[in-house]
Amino acid sequence: MHQVNYKTDGGFFDIRLNGVLVMAGDSYSGVVKLDQGLLDGENTITVTYDAKGAQDVAYFAVHEGCEDEFPNEQSLASVEIHGDGEQELVFNSQSPVEAFFPGAVISDGKGLLDAVKELQAAVQRRDVETVFAFHEPLLTKMAESGAPMERINAHVTKMLTEGEITLMQNLTLTPVLDGLAWEVLAPSSQPPVVIHLEQDGGQYEWTSGTRWVFVDNAWYVIEP
């Protein structure tokens, strides 16, 4: 397995693996796993950091290890960004690389914007069945891997029926991995759909529409 460890002084950062968005946010420290978009051989992590202040610093490092074990302490590549900036971390992987997503084919993006609008419309009218249909290949893959689908389906249904909905505009559609997948993001790397729910003293969020693939002549969401 490969992962990026990061520490920042705040500010907003964007981590991409071979052009595929891995994480965007403003947390101070954490770890993010690298899976979708990983290639056999040379890989490139691109990190963009928008600091809150001129003296702010952000540190990013790529580590490798085995599943269920701590990664090696020595990093494969690391970078420190002072203030605003963009840097690349290049590393090699000899890990077996699976297909990006079963059944996905290279597409020119035709019809994707319409699919995104249909997803947003279904969310707006709280049409749970249609929203789940847009995620069918992803849900099938999760079920095959042993994910607790009853609990996941119940959570998403609750968010869709009771949550506060925000639908993003000014979306940008970007091909990644030579068009094998497409990313759809609003400014500041926000997904097309964001739902918040406050309940029992907790705050919950569900997002959708960040990454799409063309499978069986239709567009589907594979990354919320």
Side-chain angles (χ1 to χ4, degrees), residues 1-8 10-39 42-51 58-63 76-79 81 84-91 93 95 97-102 104-109 112-113 115-116 119-120 134-135 137-138 141-142 166-195 205-215 219-224:
M1 60 172 288
H2 295 78
Q3 66 185 42
V4 173
N5 294 17
Y6 64 88
K7 294 181 180 179
T8 79
F12 186 86
F13 61 88
D14 180 300
I15 303 174
R16 291 178 176 270
L17 171 61
N18 299 317
V20 177
L21 179 65
V22 175
M23 181 180 180
D26 58 1
S27 57
Y28 285 84
S29 64
V31 175
V32 58
K33 185 178 179 180
L34 304 176
D35 43 25
Q36 292 191 4
L38 185 67
L39 302 175
E42 187 174 280
N43 291 265
T44 301
I45 293 285
T46 304
V47 179
T48 304
Y49 182 56
D50 295 325
Y59 174 80
F60 302 88
V62 181
H63 294 262
L76 300 180
S78 64
V79 66
I81 303 177
D84 296 341
E86 179 178 296
Q87 295 285 345
E88 290 187 347
L89 297 87
V90 179
F91 67 97
S93 169
S95 301
V97 178
E98 298 179 359
F100 179 75
F101 196 87
V105 297
I106 293 175
S107 168
D108 61 2
L112 175 55
L113 184 57
V116 175
L119 171 65
Q120 289 184 320
F134 272 109
H135 297 76
L138 174 61
K141 186 177 180 181
M142 292 173 64
T166 301
L167 302 179
M168 301 299 175
Q169 305 301 318
N170 302 317
L171 300 171
T172 299
L173 282 60
T174 305
V176 294
L177 299 178
D178 298 322
L180 191 59
W182 284 72
E183 288 183 347
V184 182
L185 297 168
S188 299
S189 300
Q190 297 166 305
V193 173
V194 179
I195 301 179
E205 181 179 89
W206 183 79
T207 64
S208 183
T210 296
R211 192 172 303 130
W212 297 69
V213 290
F214 197 65
V215 177
W219 287 102
Y220 294 97
V221 180
I222 62 163
E223 185 70 25

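None of the values given here were measured: they were computed from a predicted structure. In what follows, every heavy atom counts, from backbone to side chain, and hydrogens, waters and symmetry copies are set aside.
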Peer 1: Would the distance check show the side chain of Asn18 and the main-chain N or O of Thr44 forming a donor-acceptor pair, the cut-off being under 3.5 Å?
Peer 2: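 Yes; judged by distance alone, with no hydrogens or angles, the pair exists.
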Peer 1: Under 3.5 Å, side chain of Glu183 to main-chain N/O of Leu21, donor-acceptor pair present?
Peer 2: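 Yes.
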Peer 1: Are the side chains of Gln87 and Tyr49 in contact, using a 4.5 Å heavy-atom criterion?
Peer 2: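 The answer is no; the side chains never approach within 4.5 Å.
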Peer 1: Backbone N or O of Ser27 within a donor-acceptor pair of the Thr8 side chain at under 3.5 Å?
Peer 2: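 Yes.
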Peer 1: Could you check whether any side-chain heavy atom of Ser107 comes within less than 4.5 Å of a side-chain heavy atom of Trp212, counting everything from C-beta outward?
Peer 2: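 No, side chains not in contact.
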Peer 1: Report the residues that fulfil side-chain hydrogen bond (donor to acceptor under 3.5 Å, both in side chains) with Glu205, sequence neighbours left out, ordered by chain and then residue number.
Peer 2: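 Checked Glu205 against side-chain hydrogen bond (donor to acceptor under 3.5 Å, both in side chains); matches are His196.
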Peer 1: Could you tell me if the side chain of Leu76 sits less than 4.5 Å from the side chain of His2, heavy atoms only?
Peer 2: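 Yes; the side chains approach each other to less than 4.5 Å.
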Peer 1: Is the closest side-chain heavy-atom distance between Val4 and Val22 below 4.5 Å?
Peer 2: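 When only atoms from C-beta onward are counted, Val22 and Val4 do not touch, as no gap falls below 4.5 Å.
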Peer 1: Give the ring-plane orientation class for Tyr6 versus Phe13, where under 30° counts as parallel, over 60° as perpendicular and anything between as tilted.
Peer 2: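 Correct class here is tilted.
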Peer 1: Decide yes or no for Trp219 and Trp182: does some side-chain heavy atom of the first lie under 4.5 Å from some side-chain heavy atom of the second?
Peer 2: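 Counting from C-beta outward, Trp219 and Trp182 do come under 4.5 Å.
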Peer 1: Identify the residue among Ile45, Val62, Thr46, Leu89 that makes a side-chain contact (heavy atoms from CB on, under 4.5 Å) with Leu17.
Peer 2: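 That would be Ile45; it is the only one of Ile45, Val62, Thr46, Leu89 passing the side-chain contact (heavy atoms from CB on, under 4.5 Å) with Leu17.
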Peer 1: Let me confirm one number: the NZ-CZ distance from Lys7 to Phe60, rounded to the nearest 0.5 Å.
Peer 2: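 It is 12.5 Å, given to the nearest 0.5 Å.
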Peer 1: So how far is it from Ser208 OG to Phe134 CZ, rounded to the nearest 0.5 Å?
Peer 2: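 These two atoms lie 9.0 Å from each other.
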Peer 1: Rounded to the nearest 0.5 Å, what separation is found between the CZ atom of Phe101 and the CG atom of Leu138?
Peer 2: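 Reported to 0.5 Å precision, the distance equals 5.5 Å.
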Peer 1: Does a side-chain heavy-atom distance below 4.5 Å link Val213 with Pro137?
Peer 2: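 No, too far: nothing below the 4.5 Å cut-off.
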Peer 1: Can you tell if the side chain of Leu119 reaches within under 4.5 Å of the side chain of Pro192, non-hydrogen atoms only?
Peer 2: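 In short, these two side chains do not touch, never coming nearer than 4.5 Å.
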Peer 1: Taking all atoms of both residues into account, what is the closest heavy-atom pair of Leu38 and Ser93, and its distance?
Peer 2: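 In terms of heavy atoms, the two residues are closest at CD2-OG, 4.1 Å.
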Peer 1: Between Pro191 and Thr207, which heavy-atom pair has the shortest distance, and what is it?
Peer 2: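 So the two residues come closest at CG-CB, 3.6 Å.
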Peer 1: Scan the side chains in residues 169-178 for donor-acceptor partners under 3.5 Å anywhere in the protein, sequence neighbours excluded, and list what turns up.
Peer 2:
unit_1 : atom_1 : unit_2 : atom_2 : d
Gln169 : NE2    : Leu167 : O      : 3.4

Peer 1: List for me each residue that meets salt bridge (Lys or Arg N to Asp or Glu O under 4.0 Å) alongside Asp14, sequence neighbours excluded, and say none if there are none.
Peer 2: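 Residues passing salt bridge (Lys or Arg N to Asp or Glu O under 4.0 Å) with Asp14: Arg16.
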Peer 1: Do the non-hydrogen side-chain atoms of His63 and Val31 ever get within less than 4.5 Å of each other?
Peer 2: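 The answer is no; the side chains never approach within 4.5 Å.
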Peer 1: Please check this pair: side chain of Arg211 against backbone of Val20, looking for a donor-acceptor N/O pair closer than 3.5 Å.
Peer 2: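 Flag not set: sc Arg211 to bb Val20 has no pair under 3.5 Å.
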Peer 1: Nearest 0.5 Å, please: how far is CG in Asp50 from CD1 in Ile81?
Peer 2: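 It comes to 9.5 Å.
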Peer 1: Distance check, rounded to the nearest 0.5 Å: Phe214 atom CZ versus Leu112 atom CG?
Peer 2: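 Between atom CZ of Phe214 and atom CG of Leu112 there are 10.0 Å.
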